[in-house]
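Worksheet for the structure shown next.
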Amino acid sequence: MRIGELARRTGTPARLLRYYEEQGLLTPGRLANGYRDYGEHLVGRVQQIRGLLDAGLPTRVIKDVLPCLDTPCAITISDAGPEVVDLLRQERDRMDARIACLARNRDAIDAYLARVTGDNLPGGPGR
DNA sequence: GTTCTGACA
DNA sequence: TGTCAGGA
């Protein structure tokens, strides 16, 4: 499929799909006319990339964490060398810090909401 | 109309 | 990331 379809199916702007390729996160083939040609399995990979990006990992780390270049893997870090393992521990710690930060802000917002509206229900469905 | 590369905010 | 240019 061409970039437009992948963009639609992943909800990712074509601009970003080209950027991911530039960063070595995706390696689509090329059509005779020069257009990028994305395989079906890349739909999942793009979602995988967006998820890691959303978790705060930089593209250079994601590149190391996604050795599975063209397989429909979920998050298989099978052949993670000691180098990558160390990188992942570091990212895991950053995530913990981020989660704690988000939790504090969420609680602050809950407190504010409870004061101004009095109708929110902390600890309700979803938590 | 769709995509491409490069560049700038 | 968004957006524009100038082509194919």
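Note on naming: letters A, B, ... go to the chains in the order of the sequence lines (proteins, then strands), and numbering restarts at 1 for each one.
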Report the residues that fulfil salt bridge (charged side-chain N to carboxylate O under 4.0 Å, His left out) with R9(A), sequence neighbours left out, ordered by chain and then residue number. E5(A), E40(A)

Side-chain (R94(A)) to main-chain (A55(A)) donor-acceptor, under 3.5 angstrom: no

In what stems does DNA chain C take part, counting only runs of at least 3 consecutive Watson-Crick or G-U pairs whose two distances fall under 3.5 Å? B:4-9 with C:1-6

Upstream residue (5' side of DNA chain B) when E5(A) and E22(A) are each assigned their closest nucleotide: E5(A)

Heavy-atom protein contacts under 4.0 Å, nucleotides 3-8 of chain C, coded B base, S sugar-phosphate only, - none: B----B

Partners passing side-chain contact (heavy atoms from CB on, under 4.5 Å) against N33(A) (at least two apart in sequence or in another chain): L31(A), Y35(A)

Taking the side chain as C-beta and beyond, is there a heavy-atom pair between T59(A) and E22(A) under 4.5 Å? no

Taking any atom under 4.0 angstrom from a heavy atom of chain A, which nucleotides of DNA chain B are the first and last to qualify, 5' to 3'? dT2(B) to dA7(B)

Salt bridge between R89(A) and D93(A), side-chain N to carboxylate O under 4.0 Å? no

Show, in sequence, the C-alpha distance, side-chain angles and deciding distance for Y38(A) and V46(A), and conclude whether the side chain to side chain contact (heavy atoms under 4.5 Å, CB included) test is met. CA-CA 11 Å; Y38(A) 298 89; V46(A) 170; over 6 Å; no

Hey, mind stepping through I49(A) and L26(A) against side chain to side chain contact (heavy atoms under 4.5 Å, CB included) and telling me if it holds? CA-CA 9 Å; I49(A) 292 172; L26(A) 284 132; 4.0 Å; yes

Between dT1(C) and R50(A), is there an OP1 or OP2 to side-chain N/O distance shorter than 4.0 Å? yes

Given side chains that start at C-beta, do those of T12(A) and Q47(A) come closer than 4.5 Å, heavy atoms only? no

Between the main-chain N or O of T10(A) and the side-chain N or O of R50(A), is there a donor-acceptor pair closer than 3.5 Å? no

Provide the full list of salt bridge (Lys or Arg N to Asp or Glu O under 4.0 Å) pairs with a residue in residues 25-36 of chain A, sequence neighbours left out, each pair given once. E21(A)-R30(A), E21(A)-R36(A)

